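Quick notes on the structure that follows.
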Protein chains: 4
Amino acid sequence: MSDTALFQINTGATEPIYRQLIEQARRLVAAGQLKAGQEIPSVRELSAALAVHPMTISKAYSQLEAEGLFERRRGLSMVVAAQHGQAQSPATRAELLRPTLARAAAEAHQLGLPPAQALALFEQILAESQP
Amino acid sequence: MSDTALFQINTGATEPIYRQLIEQARRLVAAGQLKAGQEIPSVRELSAALAVHPMTISKAYSQLEAEGLFERRRGLSMVVAAQHGQAQSPATRAELLRPTLARAAAEAHQLGLPPAQALALFEQILAESQP
Amino acid sequence: MSDTALFQINTGATEPIYRQLIEQARRLVAAGQLKAGQEIPSVRELSAALAVHPMTISKAYSQLEAEGLFERRRGLSMVVAAQHGQAQSPATRAELLRPTLARAAAEAHQLGLPPAQALALFEQILAESQP
Amino acid sequence: MSDTALFQINTGATEPIYRQLIEQARRLVAAGQLKAGQEIPSVRELSAALAVHPMTISKAYSQLEAEGLFERRRGLSMVVAAQHGQAQSPATRAELLRPTLARAAAEAHQLGLPPAQALALFEQILAESQP
DNA sequence: GTGGTCTAGACCACT
DNA sequence: GTGGTCTAGACCACC
């Protein structure tokens, strides 16, 4: 059995579930929390754990397989790929964070908030969510 | 003629155009860049400026009218509502930025990035987008 | 000068202003409150009294003229037509009320309200609005 | 398959189709004819049954979802919401009938019809439409 | 199968 | 000129 707790979804969000899963998987692999060769939860397991339709899980896994992050093994559960599934350097991981922060910066600008204030708010939120 | 330049859309994004417009309008009003009583660009104007179908603009405007931010005037352009269309305090505006920053914080955590590094990246992005 | 107070509009309603005016005029003539040959308020007068665009008034008057209820006199204000502008019998006037009551009956049925209750509510509303 | 017969539209009326559907849905839910958790006809089903464009149906459903009466389930039919979709007491349902009756009362007054006559006409119409 | 989004374009209603 | 409504039809996303 694999650790289903690594994946969490928000059914209320507008973002589709399968995409939430894909992006989470990319980050977990980049951070080294999912290591090359490691088994990932089976479609059934994760489907039960998240109360999500199996086909939704399967769609996410298929796309991750297509981009080379996961590998399918006949008759066995999928594993993190050896080639593309390597933990990345901090600098590379930071790049994965850039799009969301760029969006936040654009919103701050439209809200007329000075950069210092936006930065202070981010610091506060990071501190809150840390422990 | 109203200032159509206030509104910008990203056709590549997954977020629907009409929703981009809605959220931009909320921020522009909160920041006081769209003032109570001010005329907003007509559906046809904005449609032409953004190269988007008029109905897409209309859908955004209708929803903003439903939430009380815009007011319809029969046969005339819509205006920012007097009641709900007031500029907000910096603290209130900062709250509108919170959801995106909270998402960024969650992603940073999943990427295993230390808060200091996430903060530094945000500072850099804010500086880049400023001028 | 004519009696502008006979006409009242509700700008908040979804029903267009010009149609509100037309239907009010029909009822006032049918009830004999506007008599054949009587002058009606000029477009300018009524426009000022109701704070409505003159063209809106004019549109209502033109349609009433087209259906023969009003007559235009060159250079003078319009008057209630001699032919079609006659007060009607109570039975005929009641017919003008039928569409709205039929709608109310349909709504009562969809709401699952027994006829007796709908009738009692109507009686109460009539009493309230009488004085 | 859901019961499309609950919804009926009048294409001749000036009231837009999507609004007719919205108001019917509110009444059906208030009357308990549409119960919390119950599936409503799919957009395509109702579109075919009423010979109306799917987008018109969709517009009504979206607005009902926005006011909390319907709930969307990703990829599945919409259902009546558990919270706001409760049947209402007769007194509350009667309140939904009040606006139309108030309009009828105002028209009766303008027609110079005595309340007793208006009431008698309503009673007759209710009896006609009952069976 | 479900609903969502967008386009193209017509027609109407209002001022 | 303004916005509103509807149709026809395409494509997408989700389950």
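Not measured: the values here are computed from a predicted model. Below, chains carry the letters A, B, ... as their sequence lines are ordered, and counting in each starts from 1.
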Please determine if A/Arg98 and B/Glu107 form a salt bridge, counting it only when a charged side-chain N lies under 4.0 Å from a carboxylate O.
->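 The answer is no: the pair does not qualify as a salt bridge.
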
CD of D/Glu45 to CD1 of D/Ile40: how many Å apart, nearest 0.5 Å?
->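 Going from the CD atom of D/Glu45 to the CD1 atom of D/Ile40 covers 10.0 Å.
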
CG on C/Leu111 to CD on D/Gln88, rounded to 0.5 Å =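 CG of C/Leu111 is found 10.5 Å from CD of D/Gln88.
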
Mind checking whether [X] and [Y] have side chains closer than 4.5 Å, heavy atoms only?
X       : Y       : value
A/Leu50 : A/Leu21 : yes
C/Pro54 : C/Val43 : yes
B/Thr4  : B/Pro41 : yes
B/Lys35 : B/Val80 : no
B/Asn10 : B/Gln20 : yes

Provide, to the nearest angstrom, the distance between the [atom1] atom belonging to [X] and the [atom2] atom belonging to [N].
X       : N      : atom1 : atom2 : result
D/Met78 : E/dG1  : CE    : C1'   : 16 Å
C/Ile9  : E/dT15 : CD1   : C1'   : 12 Å
C/Leu21 : E/dT15 : CG    : C1'   : 14 Å
B/Leu76 : F/dG1  : CG    : P     : 14 Å
B/Tyr61 : F/dT2  : OH    : P     : 11 Å
B/Gln63 : E/dG4  : CD    : C1'   : 13 Å
D/Phe70 : E/dG3  : CZ    : P     : 11 Å
D/Ile57 : E/dG4  : CD1   : C1'   : 15 Å

Within the structure, does a side-chain N or O atom of D/Arg72 lie under 4.0 Å from either OP1 or OP2 of E/dG4?
->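 Yes, such a contact exists.
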
B/Arg103 and A/Arg103: side-chain contact (heavy atoms from CB on, under 4.5 Å), yes or no, with the steps?
-> CA-CA 11 Å; B/Arg103 179 177 163 183; A/Arg103 179 178 165 182; 3.9 Å; yes

Letter per nucleotide, 5' to 3', of nucleotides 5-12 of chain E [B base touched, S only sugar-phosphate touched, - untouched; heavy atoms, 4.0 Å] | SBBBB---

For DNA chain F, what string of dots and brackets results from 5' to 3' when Watson-Crick and G-U pairs need both distances under 3.5 Å, crossing pairs get [ ], and pairs with another strand get |?
-> ||||||||||||||.

